[in-house]
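A short write-up of the structure that comes next.
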Amino acid sequence: MKHYKSINDLKDLQQAVQDAIALKKDKLKYKTLGADKTICLLFFNNSLRTRLSTQKAAQNLGMEVIVMNFGSEGWALEYEDGTVMDQGKSEHVKEAAQVVSQYADVIGIRAFAGLENKESDAAELVLNSFVKYASVPIVNMESSVGHPLQALTDAITIEEHKIIGRKPKVVLSWAPHPKALPHAVANSFINMMQLQEADFVITHPKGYELNAEITKDVQIEYNQEKAFENADFVYVKNWSSYNDYGQIKCTDPNWMITASKMKLTNNGKFMHCLPVRRNVVVADEVIDSDNSLVIKQAANREFAAQIVLKNILEND
Ligand code: SN0
């Protein structure tokens, strides 16, 4: 694997999941693989799990780690070709990516969707500019379109908690949120689920349809309670409107995940990538219940990142 831009860059998702589960038993098994190699993590947005788990994963492989909050500490980057740079942008990504490549063997990029320009978000402008101008592998730490480290984590977590011998029913549910949030986590979760044996249903209010090129023929059920019936996993995420790009169209608190809704499921597990707004997205009683997997998901971020970095270092 050269770059990790999307879950589809994995040669074999099931294999990656099994490798990650095996790695949990002996996470320092490959501690010399990354010796004398450096990963540089560039954050254009906030992070807790991605930053610390990717750093930990790299350290487990013996890599050196450089982290930079580029969004607040780097120069404002220009991405267009041929621009007269006499406005706010100080440096072109063309130089920045080549410069960082000289200090690093792998570069991680986090750059959320701006949710203002559908075209440049769809083009994953920041991520793809680094892919274009850097000379080393690039890892997507959440781009405008996807969050494939999270999706691999979720695949690992579902594999660890599914009932053996039963095809799991997995529901991706929209939930309310005060802010307009990106589509990336939902998109990558859908991509990942399309590579799994599962009954997969998406539920959201009308007007929250995601990019149809990503959802393809996945069943959409507008009645959340109906979608929850018999579910083994309820994966919850807010996203802003895609068609009415970046807009908030619904804040209906009835879409919050409550214990009475979870009762409709097959003793279903609650999943969320975090950070989560308690009692807006999910009621305390659900996130604090024994069926909540959120902390276990976060633990798996380390192993998902480690398998991705291992594949890159081995050029596998
Ligand atoms: C991000 C998102 O893509 O939805 C990152 C998730 C891993 N989430 C947020 O920005 C939440 C911010 C908030 O204020 O709740």
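Counting convention: from 1, in listed order, for ligands and their atoms alike.
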Please list, by chain and number, the protein residues whose heavy atoms come under 4.0 Å of ligand 1.
F112, E142, H177, K179, L181, P182, K237, C273, L274, R277
Determine whether the aromatic ring centres of F112 and F44 lie less than 6.0 Å apart.
no
A quick test of your reading: do over 12 heavy atoms of other residues, nucleotides or ligands sit less than 6.0 Å from NZ of K31?
no
Between E160 and K269, is there a side-chain N and carboxylate O pair less than 4.0 Å apart?
no
Cationic N near anionic O, under 4.0 Å, E159 to K162:
yes
Looking at D232 and K169, does any basic side-chain N land under 4.0 Å from a carboxylate oxygen?
no
Hey, is D288 close enough to R278 for a salt bridge, meaning N to O under 4.0 Å?
yes
